[in-house]
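Here is the structure we will look at, set down as structure tokens.
Position 1 is the first residue of the sequence, and the numbers go up from there.
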Amino acid sequence: MARLFLAIASILGALSVAGGAFGAHALKGKLSDSALGSFETGVRYQMYHAIALLLVSLLIAQYPSVKGLVTTGWCFVAGVVLFSGSLYGLSLLQIKALGPVTPLGGAAFIAGWICLALASGKLV
């Protein structure tokens, strides 16, 4: 699982950098300030959680028996897909139906951080 999360984290990080550059260069002036802000929020949270997932992959490699770490990783992946993905869809495609999805992604992020906190008691 550590290798899978490392690969996912690497891809999410690369896509975040590409998304940031795309937003700064290709979307500026083409989207409203609000839509561009939403896009940038999606990129920022994707990068935060790509880095977090990278760290989780390292923890799993070091402590493979701590099951809460795997749950943490999947929560972060789900959060990126739901939170950042919905913000991309809202800002780029104006798919208003994605609005209610964004908080679900935020909840997945929060759940991941809580799982990490709970797993931390098993690490030492």
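Considering every non-hydrogen atom in both S84 and G42, the closest pair reads OG-O, 2.8 Å. Taking all atoms of both residues into account, the shortest heavy-atom contact from C75 to A108 is CB-O, 3.4 Å. When every heavy atom of A50 is checked against every heavy atom of A9, the shortest pair comes out as O-CB, 3.4 Å. M47 approaches V17 most closely through the heavy-atom pair CE-CG2, 3.6 Å. Summarising the geometry of S86 relative to T102, their closest heavy-atom pair is OG-OG1, 2.6 Å, with the distance given to 0.1 Å. Of all the heavy atoms in L69 and F5, the pair that sits closest is O-CE1, 4.5 Å.
A donor-acceptor pair under 3.5 Å is formed between the side chain of T72 and the backbone N or O of L116. Side chain of S16 to backbone of G13: no donor-acceptor contact under 3.5 angstrom is found.
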Is there a side chain to side chain contact (heavy atoms under 4.5 Å, CB included) between I8 and V77 once you walk through the steps? CA-CA 8 Å; I8 293 170; V77 171; 3.9 Å; yes

Is there a side chain to side chain contact (heavy atoms under 4.5 Å, CB included) between F109 and L82 once you walk through the steps? CA-CA 10 Å; F109 285 148; L82 295 172; over 6 Å; no

Apply the test side chain to side chain contact (heavy atoms under 4.5 Å, CB included) to residues V43 and Y88: give CA-CA distance (whole Å), side-chain angles for both, the deciding distance (0.1 Å), then the verdict. CA-CA 9 Å; V43 169; Y88 300 148; 3.7 Å; yes

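Under a hydrophobic-cluster definition in which Ile, Leu, Val, Met, Phe, Trp and Tyr are linked whenever side-chain heavy atoms come within less than 4.5 Å, directly or via other members, L6 and I51 are assigned to different clusters. A continuous path of ILVMFWY side-chain contacts below 4.5 Å connects L36 to L87, so both sit in one hydrophobic cluster. Under the 4.5 Å side-chain heavy-atom criterion for grouping Ile, Leu, Val, Met, Phe, Trp and Tyr, I95 is connected to L104 within one hydrophobic cluster. Hydrophobic clustering keeps I11 apart from V81 (ILVMFWY residues linked when any side-chain heavy atoms are closer than 4.5 Å, directly or through intermediates). Cluster membership for F22 and L15, using ILVMFWY side-chain heavy atoms within less than 4.5 angstrom, is not shared.
When side chains are defined from C-beta on, T41 counts as touching F83, because their heavy atoms get closer than 4.5 Å. With a 4.5 Å cut-off on side-chain heavy atoms, Q62 and L58 do not count as touching. Using a 4.5 Å heavy-atom threshold, the side chains of L90 and S38 count as separate.
For the side-chain hydrogen bond (donor to acceptor under 3.5 Å, both in side chains) condition, the pairs that include at least one residue of residues 48-58, sequence neighbours left out, are H49-W113.
The neighbour count for Y45 OH, taken as heavy atoms of other residues, nucleotides or ligands under 6.0 Å away, does not exceed 12.
Taken from CG in L59 to NZ in K122, the straight-line distance is 13.5 Å, to the nearest 0.5 Å. Once rounded to the nearest 0.5 Å, the distance linking CG of L31 with CZ of F39 reads 8.0 Å. Residue L53 holds its CG atom at 8.0 Å from CD1 of I60, rounded to the nearest 0.5 Å. From C115, atom SG reaches atom CH2 of W74 across 14.0 Å, with rounding to the nearest 0.5 Å. The NZ atom of K67 lies 9.5 Å from the CE atom of M1; values are rounded to the nearest 0.5 Å. To the nearest 0.5 angstrom, L27 atom CG is 11.0 Å from S32 atom OG.
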